[in-house]
**Student:** 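Below is the structure I would like to discuss, written out as structure tokens.
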Amino acid sequence: MPELPEVETTVRGLSRVLDGRRIASVEARRPDLRRPLPVDLGQRLTGARVIHLHRRAKYGLIDTDRGDTLIFHLGMSGRWRINPSEIEKHDHLLIRTDDGTRLALNDPRRFGSLDLVPTAQLAEWPPLAALGPEPLDLTAQELRRRLNGRSASIKLLLLNQGIVAGLGNIYVCEALYRARIHPNRPGGSLSLDRLKRLVPAIKDVIQEAIDAGGSTLRDFASPEGELGYFSNSFAVYGREGLACGCGGTVRRIVQGGRSTFYCARCQR
DNA sequence: AGATATTCCTGGAGGC
DNA sequence: TGCCTCCAGGAATATC
């Protein structure tokens with residue numbers, strides 16, 4: 001499931017083939033993903049030159065010299081394929097550049113999105129404006145301020161993109177494990193000392209995953225198609241019933257309708 | 001306002 | 001083998 005590290009890996013991969021290139025053609029093969037695609041997507045992108053690619057939380061941002069930014073979100077199952085040998089089922093958007101590179105955005109579950117926003121108005125675009133800080137920029141003091149007064153579990157609060165932006169289920173589970181914090185702890189009750197364990201744990205797990213080129217669960221592949229390998233490094237995620245290094249056993253509970261994996265012995 | 005539940009979608013896994 | 005049910009999950013939306 002693409003979280004921040006997978007999106008970062010995707011943006012870096014796309015950057016290698018898109019940065020500086022002119023978009024020769026755009027083909028939307030269906031009118032919507034989770035939302036309708038911009039009706040003028042092809043018209044506004046065709047002929048534009050890509051001048052910068054970047055990322056905010058789990059959004060990939062492609063700036064063009066026409067003053068527009070193409071914003072993609074990979075949802076649950078989205079991935080970009082570069083120079084695919086053939087069009088596959090669920091290739092919803094096709095882009096060809098002036099040097100003949102072909103890109104296909106493939107998203108079977110269609111939880112992803114595509115938007116086109118004037119670059120000058122990016123900061124005010126509601127989905128971006130609502131985001132909390134990047135986890136790699138976070139401090140314990142800032143997180144404490146954002147958790148202050150919140151009674152919901154730290155697990156669910158870390159999934160809230162308005163508090164910290166870019167974390168998903170996998171990396172929240174892994175970060176809480178590394179910080180030895182029980183996922184059910186009310187977020188507002190965590191001491192500054194515990195947040196001083198948690199914030200570096202978040203940064204470490206995110207950075208390690210970026211360095212590993214993104215993890216792969218079922219359906220993530222970096223744009224070139226090679227699989228990331230961080231999933232081999234999960235300490236708790238998807239490991240229900242297996243042993244923790246402390247001698248405890250990894251448990252699975254459901255919070256907010258989604259699975260949380262943790263060790264009840266070392267996470268308190 | 002915050003907490004909680006529901007919704008979207010497909011493919012893969014597991015049961016029988 | 002085939003049919004069925006369940007599950008995965010990000011974020012918008014609805015409801016209390």
Side-chain angles (χ1 to χ4, degrees), chain A residues 1-8 10-11 29-37 55-61 71-81 88-93 104-115 117 125-132 134-135 145-176 183-190 206 209 214-221 227-228 230-231 234 236-241 250-262:
Chain A
M1 320 328 177
E3 299 185 26
L4 185 158
E6 288 78 12
V7 179
E8 178 68 25
T10 297
V11 166
R29 303 186 72 241
R30 57 173 301 132
D32 60 333
L33 293 175
R34 74 174 270 117
R35 299 194 299 272
L37 269 50
R55 177 193 60 74
R56 173 75 170 104
K58 301 172 194 170
Y59 292 93
L61 309 169
I71 304 173
F72 67 84
H73 193 295
L74 297 173
M76 268 291 300
S77 58
R79 66 191 173 110
W80 284 95
R81 304 196 300 134
E88 284 181 6
K89 194 175 178 182
H90 309 306
D91 282 344
H92 304 311
L93 186 80
L105 176 62
N106 186 279
D107 185 3
R109 274 166 262 189
R110 301 207 305 274
F111 274 28
S113 60
L114 283 169
D115 293 280
V117 173
W125 190 59
L128 291 184
L131 295 173
E134 288 285 317
R145 190 179 68 74
R146 291 175 167 272
L147 296 176
N148 187 38
R150 305 292 293 252
S151 62
S153 67
I154 185 62
K155 162 74 189 307
L156 289 176
L157 290 169
L158 289 177
L159 284 176
N160 181 333
Q161 303 295 295
I163 292 179
V164 189
L167 301 179
N169 204 35
I170 296 171
Y171 296 115
V172 168
C173 290
E174 294 296 316
L176 287 172
N184 265 336
R185 292 298 281 242
S189 76
L190 292 173
I206 290 290
S215 67
T216 172
L217 222 31
R218 285 189 190 79
D219 45 9
F220 171 74
L227 296 175
F230 191 72
S231 58
F234 293 154
V236 287
Y237 188 84
R239 296 177 58 84
E240 181 182 15
V250 176
R251 294 189 185 168
R252 186 181 80 94
I253 56 175
V254 175
Q255 295 176 283
R258 30 183 59 104
S259 291
T260 300
F261 298 90
Y262 74 105

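Per chain, numbering begins at 1; letters A, B, ... match sequence-line order.
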**Student:** So, does R146(A) use its side chain to make a donor-acceptor pair with the main chain of G162(A) at under 3.5 Å?
**Tutor:** yes
**Student:** Of the nucleotides dG10(C), dT10(B), dA3(B), which has the atom closest to the R109(A) side chain?
**Tutor:** dT10(B)
**Student:** NA contact type, R110(A), heavy-atom cut-off 4.0 Å: base, sugar-phosphate, or nothing?
**Tutor:** sugar-phosphate
**Student:** Report yes if a side-chain nitrogen or oxygen of H90(A) is closer than 4.0 Å to either non-bridging phosphate oxygen (OP1 or OP2) of dC9(B); otherwise report no.
**Tutor:** no
**Student:** Restricting to non-hydrogen atoms, name the atom on L167(A) and the atom on E3(A) that form the minimum distance, rounded to 0.1 Å.
**Tutor:** C-OE1, 3.9 Å
**Student:** Reckon R35(A) touches a base, only the sugar-phosphate, or nothing at all at heavy-atom distances under 4.0 Å?
**Tutor:** nothing
**Student:** Could you give the CG-to-C1' distance, from L158(A) to dA3(B), as a whole number of Å?
**Tutor:** 16 Å
**Student:** Rounded to whole angstroms, how far apart are CZ on F72(A) and P on dA11(C)?
**Tutor:** 13 Å
**Student:** Of the candidate nucleotides dA11(C), dG2(B), dG11(B), which contains the atom at the shortest distance from the side chain of K58(A)?
**Tutor:** dA11(C)
**Student:** Can you measure N169(A) atom CG to dC7(C) atom P for me and round it to whole angstrom units?
**Tutor:** 15 Å
**Student:** According to a strict under-4.0 Å criterion, is H73(A) in side-chain N/O contact with OP1 or OP2 of dA11(C)?
**Tutor:** yes
**Student:** Closest approach to the side chain of P108(A), judged atom by atom: which nucleotide of dA12(C), dA11(C), dT10(B) is it?
**Tutor:** dT10(B)
**Student:** Check whether any side-chain N or O of S259(A) sits under 4.0 Å from OP1 or OP2 of dA8(C), and answer yes or no.
**Tutor:** yes
**Student:** Rounding to a whole Å, what distance do you find between R150(A):CZ and dT4(B):P?
**Tutor:** 11 Å
**Student:** For the CZ atom on R251(A), are there more than 12 heavy atoms of other groups (residues, nucleotides or ligands in this structure) within a distance under 6.0 Å?
**Tutor:** no
**Student:** Taking the minimum atom-to-atom distance to the side chain of Q161(A), which one of dT10(B), dA11(C), dA3(B) wins?
**Tutor:** dA11(C)
**Student:** Respond yes when some side-chain nitrogen or oxygen of K89(A) is under 4.0 Å from OP1 or OP2 of dG11(B), and no when none is.
**Tutor:** yes
**Student:** Which nucleotide in the list dA11(C), dA3(B), dA12(C) gets nearest to the side chain of R258(A)?
**Tutor:** dA11(C)
**Student:** Salt bridge check: are R79(A) and D107(A) linked by an N-O gap of less than 4.0 Å?
**Tutor:** no
**Student:** Rounded to the nearest angstrom, tell me the gap between atom CE in M76(A) and atom P in dG11(B).
**Tutor:** 13 Å
**Student:** Can you figure out which of dG11(B), dC8(B), dA11(C) approaches the side chain of F111(A) most closely?
**Tutor:** dC8(B)
**Student:** In whole angstrom, give the distance that lies between atom CG of L128(A) and atom P of dA11(C).
**Tutor:** 11 Å
**Student:** Nearest to the R34(A) side chain among dA3(B), dG10(C), dA8(C), which nucleotide is it?
**Tutor:** dG10(C)
**Student:** Can you tell me the distance, in whole Å, between the CD atom of E88(A) and the P atom of dT10(B)?
**Tutor:** 16 Å
**Student:** If you assign each of G256(A) and S151(A) to its closest nucleotide in DNA chain B, which residue comes earlier from the 5' end?
**Tutor:** S151(A)
**Student:** Check this for me: does any side-chain nitrogen of one of E6(A) and K58(A) sit under 4.0 Å from a carboxylate oxygen of the other?
**Tutor:** no
**Student:** Checking all strands, does S113(A) fall into the base, sugar-phosphate, or nothing category for heavy-atom contacts under 4.0 angstrom?
**Tutor:** nothing
**Student:** With L74(A), which of F111(A), W80(A), Y59(A) fulfils side-chain contact (heavy atoms from CB on, under 4.5 Å)?
**Tutor:** W80(A)
**Student:** R146(A) has an atom CZ; how far is it from atom C1' of dA1(B), in whole Å?
**Tutor:** 16 Å
**Student:** Any base atoms under 4.0 Å from R252(A), or only sugar-phosphate, or nothing? Heavy atoms, all strands.
**Tutor:** sugar-phosphate
